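The structure appears right after this line, and notes come after that.
Here the structure is a predicted model, which is why all the values come from computation and not from measurement. Per chain, numbering begins at 1; letters A, B, ... match sequence-line order.
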Amino acid sequence: MNFEDKTLKEILELLGNGATSSAELVGYLLKRINTYNPKLHSFISINPRAAEEAKEADAKRKKGMKLPLLGVPVGIKDNFLTKGLRTTSASLVLDDYIPQYDATVVKRLRDAGAVIIGKTNLDAWGHGSSGEHTDYGVTRNPYAYDRVTGGSSSGSGAAVAAGFCYMGTGSDTGGSNRQPGSYCNVIGLKPTYGRTSRYGVIAMASSTDSIGMLTKTVWDTAFILSVIAGFDPLDGSSSRQPVPDYAHLLEKKEHFKIGVPKEFFEGLDSGVEKATRDAIRMLQAKGHTIVEISLPRVRYAYPTYALTTFPEISSNLARFDGVRYGGERSLFGDEAKRRIMIGTHAAASGYRGKYYDHAMKIRTMLTQDFIEALTSVDVLVGPVFPFPPFHHAEREIDPVQMYLSDVLTVPANLTGHPAISVPIPFVDGLPNGLQIIARHFDEVTMLRLAHEVEEEYQMYKIRPKLTP
Amino acid sequence: MKSAKAGSIDVSHIAKLAKIPLKKGEEEKFSGQLSRVMEYFGQIETLDTKSVESRGQMTLEENRLRDDEVTPDRMLTQKEALGQAKRTHKGFFVVPAVLNKP
């Protein structure tokens with residue numbers, strides 16, 4: 001059986017009706033990973049117990065146990081702590097780090113019966129939007145090996161697209177799930193801030209870190225979101241809002257008012273602009289109302305993002321002192337060093353008022369702008385990246401060029417809103433996503449609209465051709 | 001401060017504050033890169049924020065503290081807690097000396 005092209009929904013059916021077993025499935029995928037991962041670099045580590053855990057899952061099923069993800073192979077981004085399984089955050093600082101506990105999201109996935117097949121690659125510490133800032137081999141785009149995957153959840157995006165697993169977790173601090181979603185032709189979800197627990201995910205910027213995932217389809221994402229979301233006493237910003245049955249709510253059709261911020265279309269690649277506008281016209285033809293709106297302060301979003309989150313990064317990475325775990329600070333890569341130093345500078349005495357404090361106020365203004373816009377419309381839509389997947393090393397030379405990749409994704413992190421990337425037709429033969437942003441805790445509306453986009457284009461049926 | 005030029009960063013001072021050991025040539029490399037980045041970030045200075053309040057929570061939820069109780073299932077044994085350290089001594093972490101240093 002061709003397992004690599006199956007969605008999570010299809011795999012749950014095959015496991016449920018006995019057409020396959022978790023052991024068979026995991027064996028098949030491990031072989032596939034062994035063949036193709038050495039070139040793709042989507043996994044940093046393979047779980048040595050994966051085959052055994054699959055057998056355990058099959059035994060549970062035989063006993064009549066019913067769990068939502070029983071026996072399903074998943075990938076875990078390597079900045080999520082996994083008890084007993086090496087967690088590097090893609091940095092040599094943590095090259096030999098074996099966590100003593102599981103992140104809450106990992107625990108919930110394990111409790112739901114999922115089998116962790118391996119730990120996925122990333123831009124170290126989550127710092128990057130290309131997948132190139134890793135100490136464990138640059139992840140290649142399964143659809144075009146010489147191009148980037150998007151990042152920082154580069155490995156999860158590539159692994160799901162390549163058919164190595166049915167979900168890869170991701171942390172989205174400035175676009176890290178939506179970006180590889182867009183470039184790898186998969187779904188990338190950033191839930192509302194506080195919707196999912198941050199506990200045990202190595203902190204990048206605690207006030208914007210949002211924990212989500214990448215999957216082949218919207219249903220797959222909706223189904224897993226119901227498993228991992230919900231209050232966690234171990235995360236101080238975790239929300240007590242009830243968790244709906246997202247997958248069940250997808251089918252209901254509704255006509256929405258869709259806001260199109262004109263600032264999201266400034267300076268875009270012409271192919272990306274055309275594909276995005278075509279998708280918006282398609283939604284209009286389906287009966288949704290399109291409203292052009294303006295969010296003038298969005299152009300300040302990136303500097304605001306950097307000047308508020310880099311100080312958080314420098315504080316969070318201060319804990320890596322090489323005393324209790326991990327290695328020395330000299331092992332940090334260039335991008336971590338840059339962010340730590342900019343963050344230290346922006347919050348240092350004499351500069352804090354001008355940078356950090358000032359940017360925090362702009363963040364409040366921007367949030368107010370988004371909340372207001374989302375009272376007159378149900379969702380906002382736009383592109384994810386301003387340009388199609390670029391070649392490796394193309395934008396790395398100049399940090400400013402690199403940071404410009406993130407201008408369209410950081411706003412939702414600053415404002416806390418949920419956002420998703422859903423695949424729309426390719427640009428220049430390369431994957432491309434549509435970004436949908438919704439009201440706080442209104443993932444349902446966002447997922448429904450994403451589902452409609454997916455029903456129309458069915459991009460998940462276009463599969464990459466891998467070479468060993 | 002060595003220089004008061006807009007956007008410039010005193011990399012050697014900042015690296016010391018942030019405990020980032022710099023290799024040969026890195027001070028120069030990062031000075032150029034970070035100054036360009038700060039120049040780009042400086043565009044926010046033109047925005048007027050005088051009447052704006054700074055807020056840390058955007059979804060209007062509140063931070064909560066957990067109850068101050070021991071949660072036994074989260075406790076590590078001494079062996080587990082020390083298990084990842086490169087240097088330990090009789091059940092303690094060994095830390096680099098910070099006193100009596102210039």
Side-chain angles (χ1 to χ4, degrees), chain A residues 96-98 100-101 192-194 207 233-234 236-241 297 300 302-304 306-307 314 318 321-330 332 337-338 340-346 348 350 354-355 357-365 367 398-400 403 414-417 440-441, chain B residues 1 9-11 13-23 26 29-30 33-34 36-67 71 73-74 76-77 80-88 93-96:
Chain A
D96 58 359
Y97 174 53
I98 314 271
Q100 297 100 328
Y101 62 98
T192 309
Y193 180 77
S207 79
L234 302 175
S237 58
S238 163
S239 171
R240 282 189 198 271
Q241 297 250 6
R297 282 189 278 244
Y300 299 104
Y302 193 82
T304 304
L307 291 170
S314 65
D321 54 11
V323 170
R324 293 153 300 157
Y325 46 76
E328 289 173 6
R329 289 176 76 77
S330 57
F332 277 123
K337 285 180 186 167
R338 279 193 284 265
I340 290 170
M341 288 194 284
I342 294 170
T344 305
H345 178 65
K354 170 164 128 174
Y355 293 130
D357 293 345
H358 186 56
M360 280 302 280
K361 289 179 178 177
I362 299 171
R363 182 178 177 182
T364 306
M365 290 158 90
T367 306
D398 179 7
V400 175
Y403 295 157
L414 287 174
T415 65
H417 288 93
H440 289 139
F441 297 101
Chain B
M1 297 301 130
I9 285 192
D10 184 349
V11 164
H13 172 67
I14 288 297
K16 215 173 280 165
L17 283 181
K19 291 203 187 310
I20 295 293
L22 293 179
K23 294 186 205 96
E26 279 193 334
K29 178 178 84 178
F30 286 130
Q33 288 179 346
L34 300 195
R36 275 203 307 287
V37 170
M38 290 312 291
E39 207 182 303
Y40 161 52
F41 292 170
Q43 62 173 283
I44 67 160
E45 287 178 52
T46 55
L47 272 179
D48 180 9
T49 57
K50 267 190 223 82
S51 55
V52 184
E53 236 182 282
S54 189
R55 220 165 64 195
Q57 227 312 351
M58 303 303 150
T59 55
L60 304 180
E61 301 240 328
E62 280 177 3
N63 267 8
R64 341 187 143 69
L65 302 176
R66 66 175 177 83
D67 293 334
T71 42
D73 57 325
R74 285 206 309 138
L76 302 180
T77 62
E80 282 170 333
L82 292 168
Q84 293 297 309
K86 299 269 185 302
R87 289 179 65 206
T88 60
F93 294 109
V94 176
V95 303

Chain B interface, residue from A:Ile98, A:Leu234, A:Asp96 that has the most non-hydrogen pairs under 4.5 Å
A:Ile98
Contacting region of A:Ser237 [heavy-atom separation from chain B under 4.5 Å]
both
Rounding to 0.5 Å, atoms CD (B:Gln57) and OG1 (A:Thr364) come to a distance of 11.5 Å
Most heavy-atom pairs under 4.5 Å with chain A, out of B:Leu22, B:Val11, B:Val37, B:Ile44, belong to B:Ile44
Identify which part of A:Tyr193 has an atom lying under 4.5 Å from any heavy atom of chain B, answering side chain, backbone, both or neither.
both
Could you grab the distance from atom CE of B:Met58 to atom OG1 of A:Thr192, nearest 0.5 Å is fine?
14.5 Å
Answer yes or no: is there a donor N or O on one side and an acceptor on the other, between the side chain of A:Arg329 and the main chain of B:Lys19, under 3.5 Å?
yes
Please flag which part of A:Asp321 lies under 4.5 Å from any non-hydrogen atom of chain B: side chain, backbone, both or neither.
neither
Could you check whether any side-chain N or O of B:Gln84 sits under 3.5 Å from a backbone N or O of A:Arg324, counting only pairs where one atom can act as donor and the other as acceptor?
no
Just by distance, no angles: are the side chains of A:Arg338 and B:Gln33 close enough, under 3.5 Å, to form a donor-acceptor pair?
yes
Interchain contact, B:Asp73 with chain A, by part (heavy-atom threshold 4.5 Å)
neither
What part of B:Leu65 is in contact with chain A, defined as an atom under 4.5 angstrom from a non-hydrogen atom: side chain, backbone, both or neither?
neither
Between A:His358 and B:Thr49, is any side-chain donor less than 3.5 angstrom from a side-chain acceptor?
yes
Interatomic distance, B:Ile20 atom CD1 to A:Ile340 atom CD1 [nearest 0.5 angstrom]
4.0 Å
Spacing of NZ belonging to A:Lys337 relative to CZ belonging to B:Phe30, to within rounding of 0.5 Å
5.5 Å
Please report the shortest heavy-atom distance between B:Thr59 and A:Gly416, naming the atom on each side.
CG2-O, 3.9 Å
Spacing of OG1 belonging to B:Thr46 relative to OH belonging to A:Tyr300, to within rounding of 0.5 Å:
4.0 Å
Heavy atoms of B:Ser54 and A:Met360 approach each other most closely as OG-CB, 3.3 Å
Against chain B, work out which of A:Ser314, A:Ala348, A:Gly326 has the most heavy-atom pairs shorter than 4.5 Å and name it.
A:Gly326
Rounded at 0.5 Å granularity, tell me how far CE in A:Met365 sits from OG in B:Ser51.
7.0 Å
Region of A:Ile362 that comes under 4.5 Å of a non-hydrogen atom in chain B
both
Closer than 4.0 angstrom, basic N to acidic O: yes or no for B:Glu61 and A:Arg240?
no
Give me the ring orientation class for A:Tyr302 and B:Phe41: parallel if the planes are under 30° apart, tilted from 30 to 60°, perpendicular past 60°.
tilted
